[in-house]
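One structure is given here, and the rest of the page talks about it.
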Amino acid sequence: MTQAQSAIVPDGGPYALYVMLKVTDDAALVLQQCQRLAEIAKQTQEVFGDAQMGVAVGFSPAFCRTHGLAYPEGVTDFRPRESRKHRAPHTDCDVFIHLHGLRHDLNFYVFQQWLTPIKKVVDVVDETAGFRYLDARDMTGFIDGTENPQGLARDAVAVIPDGPFAGGSVALVQRYVHDLPAWERLQQAAQEKVIGRTKPDSIELEDMPDTSHVGRVDIKENGVGLKILRQSLPYGSVSGEHGLLFLAYCQQQHPLDVMLDSMFGERDGKTDMMLSFTQAVTGAIMFMPSQTTLAQYV
Ligand code: HEM
């Protein structure tokens with residue numbers, strides 16, 4: 001059976017590491033090291049204890065094309081968005097690594113073991129450590145993940161079910177930097193209108209503005225709701241940059257693109273009010289091959 005890589009479907013655990021890399025030389029060596037990632041995580045946990053780690057590695061469509069790696073038709077590089085007020089930039093990167101589990105130190109250790117032998121032939125473009133915050137809240141104080149698919153639906157939403165790329169997934173990665181002082185100047189009722197849910201218990205507002213975040217991303221096509229599986233976590237330091245490392249997996253790119261278009265004003269000219277309080281600073285679409293496809297890449 002073609003299996004998805006282990007970070008994609010399971011609930012993420014309290015710690016994650018998200019890394020974007022650019023390959024500067026010897027792509028074949030980097031690819032071999034990508035194929036070793038799961039083994040490094042396994043060996044680490046044999047020595048230091050089970051942290052229920054999930055690991056996954058993916059590649060940008062541009063990198064796949066350049067190096068002859070098979071990827072599904074219709075998966076395209078991240079298209080930057082720019083409305084009058086808001087920007088979603090594209091980040092030039094080739095490889096994306098997602099690690100999650102019960103221990104921050106083991107995420108760190110596994111990535112260090114993985115990176116050391118190829119340090120001279122890659123640039124780390126963005127390395128962000130995420131952590132579960134309070135009772136699974138974003139730093140805005142709102143619960144993040146309420147409408148995430150649960151149980152078997154997680155697999156159905158995130159993983160390509162059949163065909164030559166069965167077990168694969170498409171990832172959207174964006175790092176957002178929050179402006180919490182501006183956010184905290186809003187009263188709770190105004191914040192709830194921006195998100196579209198109540199703050200204490202994440203109940204959908206009856207009079208949800210269509211420019212609220214949920215109003216922008218809860219989209220139906222032909223009567224069917226578009227679904228994605230989010231694996232985001234808050235990150236950062238109190239005195240420095242902080243926000244949400246947004247990561248979502250989907251068996252197709254289309255829902256990810258439609259939601260972004262809707263947030264950034266490319267669907268009906270309206271933008272997501274939340275974007276006045278947070279700024280996307282990275283952005284990439286990555287193909288996350290199944291374990292079998294990854295092992296076959298040469
Ligand atoms: C829902 C926060 C970016 C897609 C939510 C909710 C919060 C939230 C608080 C409501 C609770 C829930 O269902 O999880 C954020 C923050 C973001 C961000 C802080 C960035 C700073 C995005 C992006 C996308 C997205 C970029 C898609 C491209 C969704 C979806 C839902 C959701 C699909 C569920 C909507 C529903 O059906 O009710 N988000 N989000 N979010 N978000 Fe985001």
Side-chain angles (χ1 to χ4, degrees), residues 12 14-16 18 20 78-91 125-148 172-219 228 230-248 256 258-284:
Y15 298 103
Y18 309 89
M20 292 171 152
F78 183 90
R79 178 168 51 80
R81 271 64 169 188
E82 185 149 12
S83 74
R84 210 160 35 82
K85 292 185 287 186
H86 309 298
R87 285 186 66 234
H90 170 233
T91 302
V125 180
D126 193 71
E127 176 181 348
T128 298
F131 53 89
R132 192 178 289 158
Y133 179 62
L134 305 176
D135 47 346
R137 286 172 194 266
D138 170 63
M139 283 169 184
T140 53
F142 281 75
I143 295 172
D144 190 17
T146 312
E147 279 300 317
N148 233 1
L172 166 63
V173 198
Q174 287 183 295
R175 183 160 69 82
Y176 283 85
V177 179
H178 289 358
D179 181 353
L180 291 182
W183 177 249
E184 277 147 19
R185 282 195 290 274
L186 291 188
Q187 301 285 324
Q188 181 169 318
Q191 292 182 345
E192 290 179 338
K193 288 229 176 308
V194 171
I195 299 295
R197 287 186 170 259
T198 58
K199 193 168 184 180
D201 41 13
S202 198
I203 294 169
E204 202 167 288
L205 300 187
E206 276 173 25
D207 55 344
M208 193 194 326
D210 72 347
T211 52
S212 67
H213 178 53
V214 173
R216 290 284 88 196
V217 293
D218 184 6
I219 298 168
I228 60 175
R230 287 168 287 148
Q231 292 277 17
S232 317
L233 279 179
Y235 73 89
S237 62
V238 174
S239 56
E241 276 190 346
H242 43 240
L244 189 75
L245 191 302
F246 179 85
L247 168 63
L256 300 164
V258 173
M259 288 178 195
L260 273 183
D261 285 347
S262 175
M263 288 174 68
F264 286 87
E266 293 198 6
R267 227 167 114 82
D268 53 8
K270 296 178 186 167
T271 53
D272 189 326
M273 286 190 280
M274 186 182 72
L275 297 174
S276 299
F277 305 94
T278 190
Q279 165 69 53
V281 295
T282 66

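When atom types are taken as modelled, the side chain of R230 and the backbone of I228 share no donor-acceptor pair closer than 3.5 angstrom. A donor-acceptor pair is defined here as one N or O able to donate and one able to accept, closer than 3.5 Å; no such pair exists between the side chain of H86 and the backbone of R84. Judged by distance alone, the side chain of H242 and the main-chain N or O of S237 form a donor-acceptor pair under 3.5 Å. Of the possible polar contacts, one joining the T278 side chain to the V177 backbone as a donor-acceptor pair under 3.5 Å is found. Under a 3.5 Å cut-off, the side chain of T282 and the backbone N or O of Q174 do not form any donor-acceptor pair.
Shown here are the ring pair (Phe, Tyr, Trp, His ring centres under 6.0 Å) partners of Y133, two or more places apart in sequence or in another chain: there are none. Shown here are the side chain to side chain donor-acceptor pair (under 3.5 Å) partners of S83, two or more places apart in sequence or in another chain: there are none. Listed by chain and number, the residues in a ring pair (Phe, Tyr, Trp, His ring centres under 6.0 Å) with Y176 amount to none (sequence neighbours excluded). Among residues two or more places apart in sequence or in another chain, the side-chain contact (heavy atoms from CB on, under 4.5 Å) test is passed with D135 by R137. Every residue two or more places apart in sequence or in another chain that forms a side-chain contact (heavy atoms from CB on, under 4.5 Å) with D138 is listed here: T140, D144, H178, L244. Annotation: side chain to side chain donor-acceptor pair (under 3.5 Å) contacts of S202 (sequence neighbours excluded): T146. The side-chain contact (heavy atoms from CB on, under 4.5 Å) test applied to Y15 returns H104, N107, F131, not counting sequence neighbours. Residues passing the side chain to side chain donor-acceptor pair (under 3.5 Å) test with Q279: none are found, sequence neighbours excluded. Partners of A182 according to the side-chain contact (heavy atoms from CB on, under 4.5 Å) rule, which considers only residues two or more places apart in sequence or in another chain, are D179, R185, F277. Take E184 and apply the salt bridge (charged side-chain N to carboxylate O under 4.0 Å, His left out) test, not counting sequence neighbours, and it matches no residue. Qualifying salt bridge (charged side-chain N to carboxylate O under 4.0 Å, His left out) partners for K199, counting only residues two or more places apart in sequence or in other chains: none.
A 4.5 Å side-chain heavy-atom check between I219 and R267 finds at least one atom pair inside the cut-off. Looking at heavy atoms from C-beta onward, K193 lies in side-chain contact with D207 at the 4.5 angstrom threshold.
Within the structure, ring-ring contact (aromatic ring centres under 6.0 Å, His included) contacts touching residues 184-217 (residues at least two apart or in different chains) do not occur.
Between R216 and the options T271, D268, T211, a side-chain hydrogen bond (donor to acceptor under 3.5 Å, both in side chains) holds for only D268.
A donor and an acceptor atom, one from each side chain of R175 and Y18, are nowhere located under 3.5 Å apart.
R197 and E204 make their closest contact through NH2-OE1, 3.4 Å (heavy atoms, listed as atom of the first residue, atom of the second, distance). In plain terms, the two heavy atoms of M139 and L180 that are nearest each other are O-CD2, 3.7 Å. In terms of heavy-atom proximity, P200 sits nearest to I143 at O-CD1, 3.9 Å. In terms of heavy atoms, A88 sits closest to A280 at CA-CB, 4.2 Å.
Between the CE atom in M273 and the CG atom in L275 there is a gap of 10.5 Å [rounded to 0.5 Å].
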From CA spacing to verdict: side chain to side chain contact (heavy atoms under 4.5 Å, CB included), V173, L247: CA-CA 5 Å; V173 198; L247 168 63; 4.0 Å; yes
Candidate pair V214 and E147, rule side chain to side chain contact (heavy atoms under 4.5 Å, CB included), full reasoning: CA-CA 10 Å; V214 173; E147 279 300 317; over 6 Å; no
Criterion side chain to side chain contact (heavy atoms under 4.5 Å, CB included) on L205 and S212, from CA distance to verdict: CA-CA 10 Å; L205 300 187; S212 67; over 6 Å; no
CA sep, side-chain torsions, deciding dist, call: M263, M274, side chain to side chain contact (heavy atoms under 4.5 Å, CB included): CA-CA 9 Å; M263 288 174 68; M274 186 182 72; 4.0 Å; yes
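Relative orientation of the W183 and F142 rings is perpendicular, given thresholds of 30° and 60° on the angle between their planes.
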